[in-house]
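To start, the structure itself, in structure tokens.
Because only heavy atoms are used, hydrogens play no part in the values below, and waters and symmetry mates are left out as well, while side chains stay in. Here is the naming used below: chain letters follow the sequence lines, and residue numbers restart at 1 for every chain.
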Number of protein chains: 2
Amino acid sequence: MTVMETTPAPTPAPTRDPAAPEICPPPPAHPRPDGQDHYTISEVVAVTGLTAHTLRWYERIGLMPHIDRSHTGQRRYRNRDLDWLTLVGKLRLTGMPVADMVRYAELVREGEQTFAQRRELLERTRRDVRARIAELQGTLAVLDHKIDIYS
Amino acid sequence: MTVMETTPAPTPAPTRDPAAPEICPPPPAHPRPDGQDHYTISEVVAVTGLTAHTLRWYERIGLMPHIDRSHTGQRRYRNRDLDWLTLVGKLRLTGMPVADMVRYAELVREGEQTFAQRRELLERTRRDVRARIAELQGTLAVLDHKIDIYS
DNA sequence: CCCTTGCTTGGAGTGCGCTCCAAGGTTCTA
DNA sequence: TAGAACCTTGGAGCGCACTCCAAGCAAGGG
């Protein structure tokens, strides 16, 4: 029986303690196990907090670049893949649909001639995020007001 | 054939044009059709942007207070119901699960002795919203950086 | 009277983003 | 060399928040 597959995010996220004294400026968001540039799927699970299922699913739907394989067919992720997953994680936080991220991945695969389209997509996303923040701040005001009433 | 039921959010939301000159301070978010304190379901659809399906579903799952009925059984919403839907809309924007909103609705129905619990729920939500805003601002920084690169 | 519009119900269906399963091959540790 | 831990695949299943359907009732206009 494989235990790993069923563990629901043992490390909830690589969120650092916000109260910890910030000694080094920005330690890379993803603490990567070693200097080697290849990782098994379970190492990527440990680093990203995603499940192995999700990583394989991302690949199936075209959200990942080509992932190298070992001579027996096992995935060997590289640092650039981790970087990509970091970006995907950020975009996911914005609520961007996976289909849009797949579109972005396609643009990246198509090469340099899609720079303009990629920038446009990112700028649209940025507008959405700003609108979302404004919305949330409006909601915050309502919550503050309600909480006041309950005091 | 009933057309209304299939119209997907004809008025996307009561979002006012942000470029419009802001003459009156804050006009009530929901422009209510008249001074009368009862509305048919389709009037509520027009005001809230929700579908009639969703309004009936909200009622089924216990997210609404008791809604009055006409002598023929049709729903007659009142201003307090619109106020409630406004709050629900805000909470929905925060990503709060519907089940939690139902819980809040239950607390309201249980009366004054649940004030403390309601406040706690709202305070937890407020913390979540603040965390979410911080997250989004982090994402915004990443987007800014990426967009810079594409320029 | 009939037609259209709008409303009613319980239950079934949809789309998204995972999440899991079964059956089997591989790799590491003792 | 055994056994545990880990990896592979295609496809099925799940939870959420709606979304829609079918069949029927009620009210107003021509």
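Phosphate contact (OP1/OP2 of D/dT9, side-chain N/O of A/His53, threshold under 4.0 Å): absent. Contact annotation: A/Thr72 side-chain N/O to C/dT27 OP1/OP2 distance is under 4.0 Å. Taking side-chain N and O atoms only, B/Arg56 has a distance below 4.0 Å to OP1 or OP2 of C/dT8. Side-chain nitrogen and oxygen atoms of B/Tyr58 include at least one within less than 4.0 Å of the OP1 or OP2 phosphate oxygen of D/dC18. Taking 4.0 angstrom as the limit, B/Arg92 places a side-chain polar atom (N or O) nearer than this to OP1 or OP2 of D/dC18.
Per the geometry, CG belonging to A/Leu63 stands 14 Å off C1' belonging to C/dC16, to the nearest Å. Rounded to an integer number of Å, the gap from B/Asp68 CG to C/dC7 C1' is 16 Å. Rounded to an integer number of Å, the gap from B/Met64 CE to D/dC18 P is 13 Å. Residue A/Met96 contributes atom CE, which lies 15 Å from atom P of C/dC16 at whole-angstrom precision. Note: CG (B/Leu50) to C1' (D/dC20) measures 16 Å, nearest angstrom. Residue B/Leu55 contributes atom CG, which lies 15 Å from atom C1' of C/dG6 at whole-angstrom precision. In this structure, the CH2 atom of B/Trp57 is 17 Å from the C1' atom of C/dT9, given to the nearest Å. Atom CD in B/Glu43 sits about 8 Å away from atom P in C/dC7, given to the nearest Å.
Of all the heavy atoms in A/Arg78 and A/Asp37, the pair that sits closest is NH1-OD2, 2.9 Å. Nearest heavy atom pair, residue A/Arg119 against residue B/Ser151, reads NH1-OG, 3.4 Å.
Between B/Arg69 and A/Arg76, the one whose closest nucleotide on DNA chain C sits nearer the 5' end is B/Arg69. Along DNA chain D, the nucleotide nearest to B/His71 and the one nearest to B/Pro97 differ in position, and the one closer to the 5' end is contacted by B/Pro97. Between A/Gly73 and B/Gly95, the residue anchored closer to the 5' end of DNA chain D is A/Gly73, taking for each the nucleotide with the nearest heavy atom.
With D/dA17, C/dT8, C/dC18 as the choices, the nucleotide that has an atom nearest any side-chain atom of B/Val98 turns out to be D/dA17. Nearest to the side-chain atoms of B/Thr40 among the listed nucleotides C/dT8, C/dC7, D/dC21 stands C/dC7. Across D/dT9, C/dG6, D/dC7, the shortest atom-to-atom separation from the side chain of A/Arg75 is found for D/dT9. Comparing C/dT27, D/dG10, D/dT19 by their nearest atom to the side chain of B/Thr54 picks out D/dT19. Closest to the A/Arg60 side chain, of the nucleotides D/dT8, D/dG11, C/dC7, is D/dG11.
Side chains of B/Ile133 and A/Leu140 form a contact here, defined as non-hydrogen atoms less than 4.5 Å apart. B/Leu122 places none of its side-chain heavy atoms less than 4.5 Å from the side chain of B/Arg126.
Among the candidates A/Val47, A/Thr48, A/Leu55, A/Asp68, the single residue satisfying the side chain to side chain contact (heavy atoms under 4.5 Å, CB included) test with A/Tyr77 is A/Leu55.
Aromatic ring pairs are classed by plane angle as parallel below 30°, tilted from 30° to 60° and perpendicular above 60°; the pair A/Tyr104 and B/Tyr150 is perpendicular.
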